[in-house]
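Have a look at the structure below, then the notes.
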Amino acid sequence: MRRALPVLAVLAALLTAIALVNPHFLEPAGFLAFLKRAAPLVILAAGQYFVIVSGEFDLSVGSLVTAEVVIAARLIDGDESATWPVLALLIAAGLLVGLVNGVVTTKMRVPSFIVTLGMLLVLSGAVFLWTGGAPRGALSEGFRVFGRGGLGPVPWSVLILVVLGAAAIRLMRADFGKTLMAAGDNERAAALSGVRVDRVKIFAFMLSGLAAAVAAILLGGFAGVSAQVGQGLEFSAITAVVLGGVTLGGGRGSVPAAMAGAVTLEALFTLLNLYGVSGALEFTVQGVIIIAAIAAGAVRLPRKPTPRTGDAHAAS
């Protein structure tokens with residue numbers, strides 16, 4: 001939990017600044033609306049966390065979100081009876097894309113950056129080919145309720161976020177989390193100690209694909225059907241994870257910190273919007289955060305030189 005303290009301090013400062021501009025923000029209704037908007041990114045960040053802490057990257061989640069929303073609209077086309085079968089299909093598709101990313105990365109030894117970048121292009125091209133740039137069909141009300149509705153005053157997206165967040169934390173505290181950390185910290189040492197590195201990394205990619213599928217369901221309900229609904233989300237998720245203090249090289253970080261990083265990023269965008277700052281600046285902010293994080297991770301304090309055996313004998 002200590003890893004989350006810096007980002008929580010930044011989040012508290014941002015929420016205070018937003019409340020000064022909009023006094024109604026911290027009221028229950030206003031804050032729940034904020035969490036409702038942030039939920040898809042927080043879920044994506046949790047999925048991205050599993051991949052990054054294992055020492056890999058997943059650049060395909062944004063295009064996967066877009067593809068799933070477009071596919072859902074086309075298959076449902078307003079038919080309520082198709083809602084649940086399509087929801088199941090979206091979850092299965094997210095897991096399948098994650099499985100492909102993981103298998104190609106681990107079994108064929110292709111860098112995950114290249115694999116998931118290729119998957120991004122494949123999914124983006126497939127969506128454009130299928131829709132011609134203009135998505136067709138419509139989502140049913142039963143589908144959209146997950147992004148729009150709620151249980152009383154609490155949105156479904158917030159409840160789903162809490163459940164998935166708790167599951168992610170529980171998973172990282174189990175044996176899987178320990179082996180995933182070990183694989184990200186030192187893959188060779190982990191393999192020599194009996195860790196099935198390929199298996200845990202494939203599972204991490206599948207969790208990222210599952211997170212993208214859930215985020216697509218929430219975004220489809222909240223924002224509707226668009227060929228740009230997931231554009232740039234892969235970079236936002238990576239930025240959120242980095243903002244939460246997770247090391248890009250893998251092996252260090254926590255799920256709560258990564259999720260807090262996503263909420264902090266959403267709070268920053270909200271504050272910029274309240275001050276009338278152009279939305280185009282969001283990409284600039286994300287770029288600065290990523291560069292700063294990598295630069296900070298590259299800085300190493302000089303280690304005290306270890307005396308050689310001969311020198312130690314001479315000194316004695």
For Gly94 and Leu64, the nearest pair of non-hydrogen atoms, with its separation, is CA-CD2, 4.2 Å

Considering all heavy atoms of both residues, which atom of Met259 and which atom of Ala46 are nearest to each other, and what is their separation? CG-CB, 4.1 Å

Using side-chain hydrogen bond (donor to acceptor under 3.5 Å, both in side chains) as the criterion, list what pairs up with Ser193, not counting sequence neighbours. none

Other residues, nucleotides, ligands: >12 heavy atoms within 6.0 Å of Trp84 CH2: no

Is any side-chain heavy atom of Val246 closer than 4.5 Å to one of Arg252? no

Kindly compute the distance separating OG1 (Thr105) from CG (Asp198), expressed to the nearest 0.5 Å. 10.0 Å

Between Leu95 and Ile91, is a side-chain contact (heavy atoms from CB on, under 4.5 Å) present by the stated rule, with each step listed? CA-CA 6 Å; Leu95 291 170; Ile91 297 297; 4.3 Å; yes

side-chain hydrogen bond (donor to acceptor under 3.5 Å, both in side chains) involving Asp77 - partner list, sequence neighbours excluded: none

Quick one: pull up CD1 in Ile76 and OG1 in Thr83 and give me the separation to the nearest 0.5 Å. 4.5 Å

Can you tell me how far apart CD1 (Ile52) and OG1 (Thr247) are? Round to the nearest 0.5 Å. 10.0 Å

Can you confirm if the aromatic rings of Phe283 and Phe235 lie within a centre distance of less than 6.0 Å? no

Do Ile202 and Val103 have side chains that get closer than 4.5 Å, going by heavy atoms? yes

Nearest heavy-atom contact between Leu180 and Ala204 is CD1-CB, 4.0 Å

Can you see which heavy atom on Ala216 is nearest to which on Val69, and at what distance? O-CG2, 3.5 Å

Rounded to the nearest 0.5 angstrom, the CG-OG distance for Leu117 and Ser63 is 9.5 Å

Close side-chain approach of Phe34 and Glu266, heavy atoms under 4.5 Å: yes

Shared hydrophobic cluster for Val104 and Val51 (ILVMFWY, side-chain gaps under 4.5 Å): no

Ignoring hydrogens and angles, tell me if any N or O in the side chain of Ser60 forms a donor-acceptor pair with the backbone of Leu120 under 3.5 Å. no

Indicate whether the side chain of Asn101 and that of Thr116 have a donor and an acceptor atom separated by less than 3.5 Å. no

Ignoring hydrogens and angles, tell me if any N or O in the side chain of Tyr49 forms a donor-acceptor pair with the backbone of Ala257 under 3.5 Å. no

Start with the C-alpha gap between Arg74 and Glu68, add the side-chain angles, then the distance that decides, and say whether salt bridge (Lys or Arg N to Asp or Glu O under 4.0 Å) holds. CA-CA 10 Å; Arg74 189 74 175 269; Glu68 296 224 331; over 6 Å; no

Student check: side-chain heavy atoms of Leu59 and Val115 closer than 4.5 Å: no

Step by step, would you call Leu87 with Phe146 a side-chain contact (heavy atoms from CB on, under 4.5 Å)? CA-CA 11 Å; Leu87 286 172; Phe146 292 104; 3.7 Å; yes

Report the residue from Ile217, Leu210, Val214 that forms a side-chain contact (heavy atoms from CB on, under 4.5 Å) with Ile43. Val214

Do the side chains of Pro155 and Leu35 get nearer than 4.5 Å, heavy atoms only? no

Can you list the steps and then say if Leu159 with Val163 is a side-chain contact (heavy atoms from CB on, under 4.5 Å)? CA-CA 6 Å; Leu159 294 173; Val163 171; 5.6 Å; no

Minimum heavy-atom separation for Val145 and Gly142, please, with both atom names. CG1-O, 3.1 Å

If Ile, Leu, Val, Met, Phe, Trp and Tyr residues are connected whenever their side-chain heavy atoms lie under 4.5 Å apart, and connections chain through other members, are Val229 and Phe222 in the same group? no

According to a 4.5 Å side-chain heavy-atom criterion applied to Ile, Leu, Val, Met, Phe, Trp and Tyr, with indirect links allowed, do Val154 and Ile160 form part of one hydrophobic cluster? yes

Within the structure provided, determine whether Phe205 and Leu99 are in side-chain contact (heavy-atom separation under 4.5 Å). no

Ignoring hydrogens and geometry, is there a side-chain-to-backbone donor-acceptor pair from Gln286 to Ser236 under 3.5 Å? yes

Is any side-chain heavy atom of Leu265 closer than 4.5 Å to one of Thr239? yes

Return yes if some donor-acceptor pair links the side-chain N/O of Ser157 with the main-chain N/O of Leu218 below 3.5 Å, else return no. no

Same apolar cluster: Val122 and Phe113, side chain cutoff 4.5 Å: no

Could you label the plane-to-plane angle of the Phe176 and Phe50 rings as parallel, tilted or perpendicular, counting under 30° as parallel and over 60° as perpendicular? tilted

Single-linkage hydrophobic cluster Ile18~Val21, side-chain heavy atoms < 4.5 angstrom: yes

Here the pair of heavy atoms bringing Ala215 nearest to Val65 is CB-CG2, 4.4 Å

What pairs with Ser124 under side-chain hydrogen bond (donor to acceptor under 3.5 Å, both in side chains), at least two apart in sequence or on another chain? none

Counting N and O atoms only, with roles assigned by atom type, does the side chain of Glu56 sit under 3.5 Å from a partner on the main chain of Lys201, one being a donor and the other an acceptor? no

So Asn273 and Phe269, side-chain contact (heavy atoms from CB on, under 4.5 Å) or not? Walk me through it. CA-CA 6 Å; Asn273 184 57; Phe269 294 158; over 6 Å; no

Any side-chain heavy-atom pair of Phe31 and Leu15 under 4.5 Å: yes

CE-CD1 distance between Met119 and Ile114, expressed to the nearest 0.5 angstrom: 13.5 Å

If only atom types and distance count, is the side chain of Gln48 paired as donor or acceptor with the main-chain N or O of Asp58 below 3.5 Å? yes

Would you give the length of the straight line joining atom CG of Leu268 to atom CG of Leu243, rounded to the nearest 0.5 angstrom? 8.5 Å

Has the side chain of Glu80 got a donor or acceptor atom that lies under 3.5 Å from a matching backbone atom of Glu141? yes

